[in-house]
Amino acid sequence: MPGCQSMTTTTYEGEQHIIAAAQHILKLLGENKNLTGDFRRALTELDSHLSAMTIINESKRWGFAEVEEQLKCAERKVMRWESNPSLIWDSGPAEASEYIQAVNEIHTVMETLGGLPMNDHGRPKELAFRAQCVQQIAMSRLEEELYHILVQHKQSFEPKNIYFPPSVDFFYDESFVSIEDEIVEDTSQRDNSGRESTEYTVDLIDPLVIPDIKSIASVMFASGYDREFCAAFIGSRKEALDEHLSNLEIQKLSIDDVLKLEWDTLSCEIKKWVRAVKIIIRVYLASEKRFCNQILGGFGSLDSYCFVEISRASVLYLLSFGEAVAMGPYNPEKLFRFLDMYEVLADLHLDMEALFSEVANSYVTSEFHDLLRRLGESASTTFLKFGNAIALDASTHPFRRGEIHPLTRYVMNYIKTLTAYCDTLNLLLNDQDVDDPNPVLETDNGQDICTSTSSPMGCHLRSITSTLESNLICKSKLYKDGSLGHIFLMNNIHYMVQKVKGSELRLFFGDEWIRKHNGKFQQHATSYERATWSVVVSLLRDDGRTSLKERCRRFSNAFDDVYKIQTQWRVPDLHLREDLQISTSQKLIPAYRAFLGMNDKNGSDKYIKYTSDDMEKMLLDLFVGSPRSLRNSHR
C-alpha cells in the first residue's frame with residue numbers, strides 16, 4: 001500500500017513538471033514580437049488549457065484521499081457485522097440505518113471512481129476493486145437479512161367473511177344401497193348468490209417491517225443486485241405459500257396418486273381442495289400481489305414478475321388436482337363434488353383474471369378455464385349417466401314386504417339435494433336434449449314455479465323420475481301376489497310425491513305433476529282393495545247353491561289367509577297406512593255387518609268366527625310389517 005502511494009505521488013509530480021515546462025516554453029514564445037495575431041491567440045488558449053490541467057490534477061490528488069477515507073469508513077461498518085452473529089435488523093433501527101448508509105456510501109464511491117480514467121496499475125482501479133469486494137459482502141448480508149425479516153414477520157390469518165357452502169355426501173354402489181332420509185343433509189340454506197362483495201386482502205407480513213424491506217430493495221437495486229433480491233424474495237414467499245397450503249391440509253399428490261385414491265379418501269381431499277382454492281386465490285394470492293406491489297411497485301414490472309414466480313407452481317398444482325378428479329369415473333356420488341369444484345372455480349373467475357391479467361401469464365388463466373370447462377363436462381356427463389343407471393338397475397327378487405325400495409329413496413333424496421345447484425345445472429344442461437314425459441302444461445301459481453318447471457333442470461328431473469317409475473313397475477311384476485305389487489307401487493309413488501311436495505323439488509315438478517301422481521298412488525290403493533277384498537266379500541253372497549255354514553267357513557278362511565299374509569306387509573307412512581286401513585274397513589265391515597244381520601235368524605251365530613268389532617280391530621294390524629297370530633273366535 002505505501003509503495004502504491006509513492007508511485008501515485010511520483011506520477012503526479014512528473015505530470016506537474018511537464019505542465020510547468022510547457023508553460024515556460026509558451027512564455028518564451030510569447031515574448032517574440034514578430035508573432036501574428038492568430039498564433040498569439042493560439043498560444044494564449046494553450047496556456048489556459050495547461051492551467052486548467054494543473055487545477056484538475058490538484059483536485060484529483062486531494063479527491064482520492066477523500067474517496068479512500070469514505071470507503072474505509074463504510075468498509076469498517078460493513079465488516080464489523082461479518083464477525084457479529086446477531087442480525088442487523090434485530091439490533092434496532094439505528095444499526096439498520098447505519099448499515100444501509102454504509103452500503104449507499106460504497107455505491108457512491110464506486111460511482112465516483114467510475115467517472116475517472118482507469119489504467120492497469122492506477123490508484124482508482126485499486127479503490128474500485130476494494131469497493132466492489134465490500135459491496136459483494138454487503139449484498140450477501142442483505143440477502144440473509146431480507147430472508148430473516150420475511151420469515152420472522154410473516155403473519156397467519158383466519159379467513160373471515162368467506163362463505164363455504166355445505167358439502168353433500170352420497171354413497172353409492174351398483175345396488176343403490178338404501179339411504180335413510182334422516183342422514184340427508186339439508187341444503188336448503190345453501191347460498192347460490194355467487195361472489196361475495198367484501199374486500200379480502202390481509203397483511204401476510206407485519207406492516208411495520210415493510211419500510212425495512214423496501215430500504216433493502218432500494219439499496220440492492222441501486223447497487224445492481226436486483227436479481228439477487230428477487231431470488232431471495234421469491235424463495236421466501238414460495239416457502240410461505242407452501243406452508244399455508246400445508247396448513248390447509250393440501251397434500252402434493254400426482255395425477256396417478258389421485259386416480260388411485262378410494263372414493264371416501266378422494267371425497268375428503270376434494271372438500272379440502274374446494275376450501276383451499278377459495279382461500280388461496282381470493283385471500284392469500286390477492287394479499288400476496290398487494291404485498292409484491294408494496295415492495296416492488298416502483299421498479300417497473302418486477303412486482304408482477306415476482307408474484308407470478310411465487311404463485312405459479314402452487315396454482316398449477318391445484319389445477320392439476322382438479323384435472324385428475326375430472327378424469328372420472330363418473331359415479332353418481334361424484335356429481336356433488338364435481339359441482340362443488342365447478343362452482344368454486346366459476347366464482348373465482350374474476351379473481352383469477354385480476355391476479356394474472358398480463359398476457360405473459362395467459363398460460364395460467366388458460367389452464368384455469370380449461371379445468372372449469374372439463375369439470376362442467378364431467379358434471380353434466382355424470383348427471384346423464386345417473387338416469388341411465390336408474391334404468392339399468394335390474395332386480396331378480398321382489399323387495400321385502402312391498403316397502404319403499406332403496407332405489408326410490410336414493411333417487412328422490414339425490415335429486416332433492418341437486419336443487420341446491422339449480423343455477424349451475426341449468427347452465428350445464430342447457431344444451432342437453434331430454435325427452436320430458438311429463439311436460440308442464442298448466443300455468444302454475446307463482447312465477448318461480450313456472451320458470452323452474454320449464455327450466456333444463458326441471459325437464460331432466462322429471463325425466464329421471466319417469467325412468468324411476470318405469471323401473472318400479474318392472475319391479476312390481478316380480479311379486480307373485482298382485483295385491484302386494486299394488487302396495488309396493490302405492491308406497492313408492494306416495495314417497496315420491498311426499499318428497500316433491502315437501503322440498504324445493506315442487507318448483508321443478510309443478511302442482512300438476514303432484515296431482516297426477518297423487519291420483520296414481522291412490523289408484524294403486526284402490527286396485528289393491530279390489531284385488532284383495534272384492535274376492536273375500538263375494539264369499540258372503542248367497543248364490544243359492546252354497547250353504548250358510550260353508551259361506552261362513554270360506555269367508556273366515558279367506559280372511560284368516562289375508563290377515564296372516566298382509567300383517568307382514570308394510571306401509572311405512574303412518575297416515576297412508578291409516579287411510580288404507582280405514583278404506584279397507586269401509587269396504588269390508590258394512591258388508592260383513594249386513595251379512596250378519598240378514599242371517600241372524602237363521603242360526604248363523606254358531607258358524608261365525610269373528611264379530612264385526614273383532615274384524616274391525618284386526619284390520620288395524622294390517623301393513624304394520626310384523627306377523628300376528630290369529631285372534632280367538634268370539635265363542
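Residue numbers start at 1 and run along the sequence shown. No hydrogens, no waters, no symmetry mates; every other heavy atom, side chains included, goes into these values.
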With the side chain counted from C-beta on, respond yes when [X] and [Y] share a heavy-atom pair under 4.5 Å apart, and no when they do not.
X: V219; Y: Y225; answer: no
X: F221; Y: L296; answer: yes
X: S311; Y: F356; answer: yes
X: I149; Y: I216; answer: yes
X: V103; Y: Q135; answer: no
X: F321; Y: I250; answer: no
X: F386; Y: L335; answer: no
X: D264; Y: S267; answer: no

> Taking everything shown except E262 itself, do over 12 heavy atoms lie less than 6.0 Å from its CD?
Replying inline: no
> Is the OH atom of Y305 crowded by more than 12 outside heavy atoms at less than 6.0 Å?
Replying inline: no
Please check if the side chain of [X] supplies one atom and the backbone of [Y] the other of a donor-acceptor pair under 3.5 Å.
X: N426; Y: M457; value: yes
X: Y330; Y: F383; value: no
X: N104; Y: Q101; value: no
X: S91; Y: L87; value: yes
X: E145; Y: I88; value: yes
X: S287; Y: V283; value: yes
X: S380; Y: G376; value: yes
X: E367; Y: L319; value: no

>> Applying side chain to side chain contact (heavy atoms under 4.5 Å, CB included) to M110 and R130, what does each step give before you reach the verdict?
In response: CA-CA 10 Å; M110 294 182 71; R130 277 179 59 193; over 6 Å; no
>> Assess the residue pair F336 and Y421 against the criterion (side chain to side chain contact (heavy atoms under 4.5 Å, CB included)); give the C-alpha distance rounded to whole Å, side-chain angles, the decisive distance to 0.1 Å, and a yes or no.
In response: CA-CA 9 Å; F336 299 96; Y421 300 89; 3.7 Å; yes
>> Going by the rule salt bridge (charged side-chain N to carboxylate O under 4.0 Å, His left out), which residues pair with R80 if we only count those two or more places apart in sequence or in a different chain?
In response: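 R80: salt bridge (charged side-chain N to carboxylate O under 4.0 Å, His left out) contacts with E95, E98.
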> Only one of R290, Q155, H153 forms a side-chain hydrogen bond (donor to acceptor under 3.5 Å, both in side chains) with D203, so which one is it?
Replying inline: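 Result for side-chain hydrogen bond (donor to acceptor under 3.5 Å, both in side chains) with D203: R290.
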Show the nearest heavy-atom pair for residues [X] and [Y], with the distance to one decimal.
X: S357; Y: A354; value: OG-O, 3.9 Å
X: G322; Y: L371; value: C-CD1, 3.4 Å
X: A346; Y: L372; value: N-CD1, 3.6 Å
X: K334; Y: P329; value: CD-O, 3.0 Å
X: P332; Y: T382; value: CA-CG2, 4.1 Å
X: P456; Y: N430; value: CG-OD1, 3.8 Å

>> Show, in sequence, the C-alpha distance, side-chain angles and deciding distance for F291 and F233, and conclude whether the ring pair (Phe, Tyr, Trp, His ring centres under 6.0 Å) test is met.
In response: CA-CA 11 Å; F291 177 58; F233 184 81; 5.6 Å; yes
Could you name each residue pair satisfying salt bridge (Lys or Arg N to Asp or Glu O under 4.0 Å) that touches [range], not counting sequence neighbours?
range: residues 292-311; result: E309-R312
range: residues 208-218; result: none
range: residues 237-248; result: K154-E243, R237-E288, D242-K252

Any chance you could measure [X], atom [atom1], to [Y], atom [atom2], to the nearest 0.5 Å?
X: I100; Y: K77; atom1: CD1; atom2: NZ; value: 12.0 Å
X: L150; Y: I295; atom1: CG; atom2: CD1; value: 8.0 Å
X: T201; Y: L285; atom1: OG1; atom2: CG; value: 12.5 Å
X: S455; Y: D423; atom1: OG; atom2: CG; value: 9.5 Å
X: R374; Y: E323; atom1: CZ; atom2: CD; value: 4.0 Å
X: K385; Y: S378; atom1: NZ; atom2: OG; value: 11.0 Å

> Would you call the rings of Y99 and W81 parallel, tilted or perpendicular, where under 30° means parallel and over 60° means perpendicular?
Replying inline: perpendicular
> By ring-ring contact (aromatic ring centres under 6.0 Å, His included), which residues pair with H244, not counting sequence neighbours?
Replying inline: F157, Y284
>> List the residues meeting ring-ring contact (aromatic ring centres under 6.0 Å, His included) with F368, not counting sequence neighbours, and say none if there are none.
In response: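 With sequence neighbours excluded, F368 shows a ring-ring contact (aromatic ring centres under 6.0 Å, His included) to no residue whatsoever.
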> What's the verdict on side chain to side chain contact (heavy atoms under 4.5 Å, CB included) for W89 and V209, showing C-alpha distance, side-chain angles and the deciding distance?
Replying inline: CA-CA 10 Å; W89 267 261; V209 301; over 6 Å; no
> Do the charged groups of D340 and K271 touch, with an N to O distance under 4.0 Å?
Replying inline: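 Between K271 and D340 there is no salt bridge, as every charged N stays at least 4.0 Å from the carboxylate O atoms.
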>> Working note: E353 + H369, criterion side chain to side chain donor-acceptor pair (under 3.5 Å); need CA distance, chi angles, decisive distance, verdict.
In response: CA-CA 10 Å; E353 293 293 338; H369 291 301; 2.9 Å; yes
>> Could you tell me if S86 and N84 have a donor-acceptor pair between their side chains, going purely by distance under 3.5 Å?
In response: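 Present: a donor and an acceptor within the cut-off.
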>> Evaluate L302 against F229 for side chain to side chain contact (heavy atoms under 4.5 Å, CB included), listing each step before the verdict.
In response: CA-CA 11 Å; L302 279 175; F229 177 90; over 6 Å; no
> Pick from V258, V325, L261: which one makes a side chain to side chain contact (heavy atoms under 4.5 Å, CB included) with E269?
Replying inline: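 Only one of V258, V325, L261 forms a side chain to side chain contact (heavy atoms under 4.5 Å, CB included) with E269, namely L261.
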